[in-house]
Amino acid sequence: MSEISAERKNYGADNIQVLEGLEAVRKRPAMYIGDIGFKGLHHLVYEVVDNSIDEAMGGYCKNITVTILENNSIRVKDDGRGIPTDIHPKLGVSALEVVMTVLHAGGKFDKDTYKVSGGLHGVGVSCVNALSSHMRTEVHRDGRIVEQEFSCGKPLYPAREIGKSEYRGTIQTFSPDLSIFITGEYNYTTLANRMRELAYLNKRIRIVLEDDRNKDENGQPYTEVFYSEGGLKEFVEYLDDGKERIIEEAIYIENDKGSIPVEVAMLYNNAYSECIQSYVNNINTHEGGTHLSGFRRGLTRTLKNYADKTGLLSKVKFEISGDDFREGLTAVISVKVQEPQFEGQTKTKLGNNEAIGAVDQAVSEALQNYLEEHPKQARAIIDKVILAATARHAARKARELVQRKSVMSGSGLPGKLADCASGDPHACELFLVEGDSAGGTAKQGRNRDYQAILPLRGKILNVEKALEYKIYDNEEIKNIFTALGVFRGTKDDERALNLEKLRYHKIVIMCDADVDGSHITTLILTFFFRHMRELIEKGHVYIASPPLYLVKKGKDQVYCWNEQERDEQIKLLGGEKADSVNVQRYKGLGEMNAIQLWETTLNPETRTLRQVNIDSAAEADRVFSMLMGDEVPPRRDFIEKNAKYAKIDA
């Protein structure tokens with residue numbers, strides 16, 4: 001104790017650590033890119049591409065090519081102006097080296113260089129450099145080719161000229177540092193979703209995505225080209241694909257009169273949910289912000305004024321809320337702000353107050369003109385609003401009935417629920433199990449201290465096609481609500497999910513490894529995405545991965561999760577006598593006994609759980625609508641396109 005006290009007393013200037021250059025980024029990478037997992041890895045690509053997009057927004061770049069190389073390195077090539085390579089007057093080194101190695105350095109702080117920019121914090125490309133084991137920058141500018149290479153953010157040599165070129169632009173190639181990131185494999189679909197977004201948000205910009213890891217029969221890399229002539233109008237039509245529209249043509253609003261240019265595209269459909277995507281300087285603000293508040297305010301006020309003026313609401317006996325005006329709405333809002341105030345480097349919420357008035361005014365003026373010029377479409381929108389209000393009124397009564405029953409019946413927990421002993425939500429797990437048979441086995445095999453089991457009978461209601469009040473009539477969904485302890489209604493929003501009394505912080509969907517099991521998993525995920533999205537966003541939802549095979553010889557047995565593992569274990573246990581090995585294929589959870597289920601699927605030490613995340617809210621909304629909605633043709637196209645990836649037991 002005396003030694004520790006002596007050390008504390010010696011606290012002085014020698015104990016103050018100064019992190020120079022990019023060391024701070026390598027020391028605390030999550031502060032700059034969000035995390036060091038899947039999202040952070042892909043965020044590196046977005047930071048580099050954002051620099052090219054900034055050039056495009058300034059009118060200097062028309063083509064961007066992103067390539068996933070065979071070793072999972074990334075190359076980004078553009079035809080912008082190229083990073084300056086002359087000597088920086090203050091620092092005495094190449095401007096290229098300054099941009100690549102100094103935080104808060106770049107042309108984005110000079111309003112004459114970029115009017116608006118996504119990477120305002122100025123740590124973008126230098127951050128990528130710091131978190132890459134190797135990075136090479138090649139600049140084509142003023143007829144010269146200049147290159148410089150870096151390792152972990154440190155220059156390997158000064159910028160040097162390596163040739164002449166008529167081409168103009170920048171080529172960035174980097175390899176993420178696997179000593180920092182917990183995963184090093186890039187997901188093509190994730191990158192494709194972001195490139196598609198950028199192409200829609202920046203019309204007439206051509207973005208090519210290549211994957212050198214996947215070649216076609218001619219040895220050419222798998223390639224997609226993203227290009228949009230119509231911009232947001234085409235974007236909102238893409239998001240609305242698979243839904244039955246009540247207005248055929250998208251309402252398009254563009255206003256660049258003030259200091260904040262505003263662009264909005266919107267459509268109404270007969271669905272029961274809203275899909276609003278908001279962007280600031282091409283960055284998806286998942287948590288919304290002032291621009292979204294301005295849009296909602298302008299939309300609600302304008303539609304209500306029009307409905308009151310035309311007498312369309314005269315027969316409605318109850319109050320209509322702002323949510324009713326947005327049911328069935330698909331909208332994309334994009335604003336360009338010179339000095340955006342974001343929350344953190346990952347930029348998920350806009351804080352500029354001036355954006356409220358700018359978006360409100362732009363939407364109000366344009367929407368008012370649209371409603372007066374298109375009375376038929378206006379009537380269809382207001383009829384949808386009235387239907388939404390009527391359904392919401394019925395849903396509130398049904399919801400209150402469910403919640404009142406829970407209060408009056410003591411704990412209100414479903415009879416089927418086998419609860420756990422612990423009262424600590426952080427430690428508790430709830431397994432939603434397909435069928436009573438597997439539910440019974442799971443109840444026997446679980447750890448009763450912290451694992452609860454709720455068997456679900458058959459396939460739950462497809463909430464994508466159901467009115468909200470019918471959802472609360474469904475027995476299985478009522479059981480999920482009451483078991484979790486969540487309910488609708490907070491101080492700020494009567495429809496928001498209240499998680500104050502959430503009883504389990506880990507909710508695991510556990511279904512059979514067959515077609516029906518996959519369908520039930522999708523139905524449950526649709527319910528969570530549409531009605532309990534906060535649980536997914538906070539990382540509470542998981543999917544269990546029961547094994548597909550048990551490979552056994554004598555007393556030796558091994559569980560396998562795929563065909564490759566199965567074949568390897570057959571060779572290992574049987575050697576040349578493969579016939580001596582017994583292989584059992586598990587068709588359902590009910591085929592396992594309690595001990596096997598514990599060993600493979602329930603035991604935290606040995607199980608595999610897949611956490612459910614929302615990578616792109618816009619794409620997730622589109623896919624759920626397509627797969628679970630009423631429109632058949634888009635679903636058929638999706639199945640035909642992806643059938644080759646399906647694993648089906650024939």
Side-chain angles (χ1 to χ4, degrees), residues 21-53 64-78 82-83 85 94 96-103 105-106 119 123-140 145-160 162 169-195 207-215 221-223 345-346 615:
L22 297 176
E23 288 178 35
V25 180
R26 293 183 61 80
K27 191 85 172 174
R28 298 283 186 271
M31 286 177 61
Y32 298 88
I33 59 165
D35 67 26
I36 54 170
F38 182 86
K39 286 186 177 179
L41 183 75
H42 291 77
H43 193 79
L44 297 182
V45 184
Y46 307 156
E47 288 286 359
V48 178
V49 173
D50 281 347
N51 286 348
S52 301
I53 291 292
I64 301 167
T65 302
V66 180
T67 306
I68 310 171
L69 301 175
E70 289 185 4
N71 62 351
N72 270 294
S73 296
I74 296 289
R75 182 175 64 232
V76 179
K77 178 181 180 181
D78 68 46
I83 299 172
T85 57
S94 164
L96 170 59
E97 186 171 324
V98 174
V99 167
M100 297 300 295
T101 61
V102 179
L103 287 176
V123 298
V125 74
S126 56
C127 220
V128 177
N129 192 12
L131 300 176
S132 298
S133 57
H134 180 266
M135 186 161 191
R136 179 179 181 271
T137 304
E138 183 179 312
V139 178
H140 293 244
I145 306 173
V146 176
E147 73 160 1
Q148 189 167 15
E149 291 181 79
F150 310 86
S151 178
C152 302
K154 294 178 179 178
L156 296 179
Y157 50 81
R160 63 190 182 191
I162 59 169
T170 304
I171 304 170
Q172 300 276 23
T173 309
F174 65 91
S175 304
D177 190 342
L178 298 185
S179 68
I180 290 175
F181 291 94
I182 57 177
T183 179
E185 186 172 348
Y186 280 101
N187 181 279
Y188 179 87
T189 304
T190 300
L191 292 178
N193 288 339
R194 178 57 179 159
M195 298 309 117
I207 303 176
V208 179
L209 179 61
E210 300 174 334
D211 189 353
D212 283 355
R213 302 168 304 179
N214 295 315
K215 304 283 177 67
Y222 182 77
T223 303
Q345 164 65 6
T346 49
D615 181 39

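Quick note: residue numbers are just sequence positions, from 1.
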Asks: Quick one: list whatever passes ring pair (Phe, Tyr, Trp, His ring centres under 6.0 Å) with H42, sequence neighbours left out.
Replies: F38, Y186
Asks: Considering only heavy atoms from C-beta outward, does the side chain of K77 approach that of T67 to under 4.5 Å?
Replies: no
Asks: Give the minimum heavy-atom separation between E97 and P155, together with the two atoms involved.
Replies: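 Residues E97 and P155, closest heavy atoms: OE2-CG, 3.6 Å.
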Asks: I need the minimum non-hydrogen distance between Y188 and R213, along with the two atoms involved.
Replies: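 Heavy atoms only, the tightest pair is N-NH2, 4.0 Å.
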Asks: Testing the basics here: between G40 and D35, what is the closest heavy-atom pair and its distance to 0.1 Å?
Replies: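 Minimum heavy-atom contact is N-OD1, 2.7 Å.
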Asks: Would you please name every residue forming a side chain to side chain contact (heavy atoms under 4.5 Å, CB included) with T137, sequence neighbours left out?
Replies: I83, L96, M100, V139, F150, T170, Q172
Asks: Are C127 and E47 side-chain neighbours, meaning at least one heavy-atom pair lies under 4.5 Å?
Replies: no
Asks: Can you measure from CG (D78) to CD1 (I171) and round to the nearest 0.5 angstrom?
Replies: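 Interatomic distance, D78 CG to I171 CD1, rounded to 0.5 Å: 8.5 Å.
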Asks: Which pair of heavy atoms, one from S126 and one from V102, lies closest together, and at what distance?
Replies: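 What the structure gives for the nearest pair is OG-O, 3.7 Å.
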Asks: If you define the side chain from C-beta out and look only at heavy atoms, does anything of Y46 sit under 4.5 Å from K39?
Replies: no
Asks: With a 4.5 Å heavy-atom cut-off, do V76 and S52 have their side chains touching?
Replies: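 Result yes, sub-4.5 Å side-chain heavy-atom pair found.
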Asks: If I take atom CD from residue E138 and atom CD from residue E149, how far apart are they, to the nearest 0.5 angstrom?
Replies: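 That separation rounds to 10.0 Å.
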Asks: Under the side chain to side chain donor-acceptor pair (under 3.5 Å) rule, collect the residues that match up with T65, sequence neighbours excluded.
Replies: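 If we apply the side chain to side chain donor-acceptor pair (under 3.5 Å) test to T65, skipping adjacent residues, there are no hits.
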Asks: Decide, yes or no, whether a salt bridge links E70 with K215 under the criterion of side-chain N to carboxylate O below 4.0 Å.
Replies: yes
Asks: I'd like to know if the side chain of S151 reaches the main chain of H134, judged simply by a donor and an acceptor atom lying under 3.5 Å from each other, with no hydrogens or angles considered.
Replies: no
Asks: Considering non-hydrogen atoms only, spot the tightest contact between T101 and G153 and give its length.
Replies: CG2-O, 3.5 Å
Asks: With T173, which of I74, L69, V48 fulfils side-chain contact (heavy atoms from CB on, under 4.5 Å)?
Replies: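 Looking at I74, L69, V48, the match for T173 under the side-chain contact (heavy atoms from CB on, under 4.5 Å) is L69.
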Asks: Any side-chain heavy-atom pair from I145 and E147 closer than 4.5 angstrom?
Replies: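 Heavy-atom side-chain distance check fails, nothing below 4.5 Å.
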Asks: With a 4.5 Å cut-off on side-chain heavy atoms, are V25 and N129 touching?
Replies: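 Not in contact.
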Asks: Looking at side-chain heavy atoms only, is the closest gap between L131 and D177 below 4.5 Å?
Replies: no
Asks: Let me know which of L191, N187, N214, D212 forms a side-chain contact (heavy atoms from CB on, under 4.5 Å) with I68.
Replies: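 The single option meeting the side-chain contact (heavy atoms from CB on, under 4.5 Å) with I68 is L191.
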Asks: Quick check: closest heavy atoms across E185 and L41, and the distance to 0.1 Å?
Replies: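 Scanning both residues, the minimum pair turns out to be O-CD2, 3.6 Å.
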Asks: Got R194 and V45 here, is their nearest side-chain heavy-atom distance under 4.5 Å?
Replies: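 Not touching, per the 4.5 Å side-chain cut-off.
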